[in-house]
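Working notes, structure below.
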2 protein chains.
Amino acid sequence: MTTSAQPSKSDRTRQRILRAAAKAFRQQGYTSSSLREIADSAGMQAGSLYYHFGSKEELAECVMDMGLAGARAAAEQALSAAGEDADPLTRIGAAFSGHLGYLVEEADFAVATLRMLHQTPDGVRTRHMRKQRVLGRFYGELFEAARVAGQIRPQFDLSALRMLLLGALNWTPEWYSDAGLSPEQLAAQLTDMMGRGVRPQ
Amino acid sequence: MTTSAQPSKSDRTRQRILRAAAKAFRQQGYTSSSLREIADSAGMQAGSLYYHFGSKEELAECVMDMGLAGARAAAEQALSAAGEDADPLTRIGAAFSGHLGYLVEEADFAVATLRMLHQTPDGVRTRHMRKQRVLGRFYGELFEAARVAGQIRPQFDLSALRMLLLGALNWTPEWYSDAGLSPEQLAAQLTDMMGRGVRPQ
DNA sequence: GTCTATAGGTTGATAGAC
DNA sequence: GTCTATCAACCTATAGAC
């Protein structure tokens, strides 16, 4: 029964390797991180990694899959917590808040995923960009719903607007530090600016 | 007379190397780009690079200096073109527009600079982050002026607001392609959202 | 200024013992 | 499952000819 609730020892070792890899990839990127270093951080020798992963490339792709899936899951969970009855802009704000929470709290996976994209081999990169489109469509539908509901003025290019805001989100790890606002507060600032603008009235 | 208007042959070769390096660094990052490849793209052998630059690290730092200086110059130039009499939010929009124009038109230098930061050796990185603060202060003063003029509601965290918007800007190279809006149109979308928000009225 | 040749080091990956 | 040992490839940087 591989569907047992108990994770095997191999499963747990695999997770330990993935965490070590995410940490290294986040700090130094894909190419600068050596398997020796990742193995050491996971408490083993470099050669032993190959029992769990076929190649460095495959290990990186697993980290990126987890980072992307985690961000998406966080956004979807926050969205459903907001409820179907909330108005579309509020729902976008909720998704942003969940998304940003993941970016900050699971920064190793989330940031490694964002930073590795342009260093990984072609196959990994193109596959990952294809997977990213699922998240893109998720947000695309939220923005479309807001536009249909009349909450977004028609002069906005919906796709550009979405990417500008996701850019603001994805860039936060570059400057965010615990000393300031919480992820929720930060997401609230972004959502408030998006909806009403910074001007008074 | 090294201050002559004529650039020497050495100067022009140097520029050719820098362009080749910026292109490679943008596409593959710092670590994945080899000096052989950069030299080849500049029409010379790897060893010959060392006549012009002391090390790979130094070459990267030059590219990053140019990318940062270019972005700053573009923002400052657009700001002064807007004039001192323009209202503060309009001035911010003008700076964004110039900044974004540089990101798109000199993408090799601008994007290489953004992407290399977390791959370069410690010395290069810390020095570059110090240089970045000049641009941070530049925008910080523009936002402060807008706040003082009452154009930004007091509930906004000025620093977070600035970084969110600069994040939206810095992320554009990840998705921008010529098929859509011009840099000016895109900056206008961002500025309009910042000022009035997306909601009608 | 640019070339060739190469030193010296690190890397991803494999093979086989345990 | 993990270790040790090692290979082949690649890298940055240097030295010396031209």
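In the text below, chain A, chain B and the rest are named by the order of the sequence lines, each starting its count at 1.
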Q) Under the side-chain hydrogen bond (donor to acceptor under 3.5 Å, both in side chains) test, which residues partner B:His118, sequence neighbours left out? A) A:Arg115, A:Glu174
Q | Sequence neighbours excluded - ring pair (Phe, Tyr, Trp, His ring centres under 6.0 Å) pairs with any residue from residues 53-93 of chain B | A | none
**Q.** Residue whose closest nucleotide on DNA chain D lies nearer the 5' end, B:Arg36 versus A:Tyr51
**A.** A:Tyr51
Q: Using the test side-chain hydrogen bond (donor to acceptor under 3.5 Å, both in side chains), find all partners of A:Gln151 that sit at least two apart in sequence or belong to another chain.
A: A:Asp87
**Q.** DNA chain D: 5'-most and 3'-most nucleotides touching chain A, 4.0 angstrom heavy-atom criterion
**A.** D:dG1 to D:dT6
Q) Which parts of residues 42-50 of chain A get close to DNA chain C, meaning a heavy atom less than 4.0 angstrom away? A) A:Gly47, A:Tyr50
Q.
Just the rounded figure in Å: distance from P of C:dG12 to CZ of A:Phe53.
A. 15 Å
(Q) Show me the pairs that pass ring pair (Phe, Tyr, Trp, His ring centres under 6.0 Å) and involve residues 16-47 of chain A, at least two apart or across chains. (A) A:Phe25-A:Tyr30
Q | Test side-chain hydrogen bond (donor to acceptor under 3.5 Å, both in side chains) applied to A:Asp40 - qualifying residues, sequence neighbours left out | A | none
Q) Quick one, which residues of residues 14-35 of chain B touch DNA chain D with a heavy atom under 4.0 Å? A) B:Ser33, B:Ser34, B:Leu35
Q | B:Glu141: salt bridge (Lys or Arg N to Asp or Glu O under 4.0 Å) partners, not counting sequence neighbours | A | none
Q | Inter- and intrachain pairs under salt bridge (charged side-chain N to carboxylate O under 4.0 Å, His left out), touching residues 43-61 of chain A, at least two apart | A | A:Glu61-A:Arg127, A:Glu61-A:Lys131
(Q) I need the full list of ring pair (Phe, Tyr, Trp, His ring centres under 6.0 Å) pairs touching residues 131-152 of chain B, with sequence neighbours left out, sorted by first then second residue. (A) B:Phe96-B:Tyr139, B:His99-B:Tyr139
Q) Roughly how far, to the nearest 0.5 Å, is CE of A:Met66 from OG1 of A:Thr113? A) 9.0 Å
Q | Residues forming a side-chain hydrogen bond (donor to acceptor under 3.5 Å, both in side chains) with B:Ser48, sequence neighbours excluded | A | none
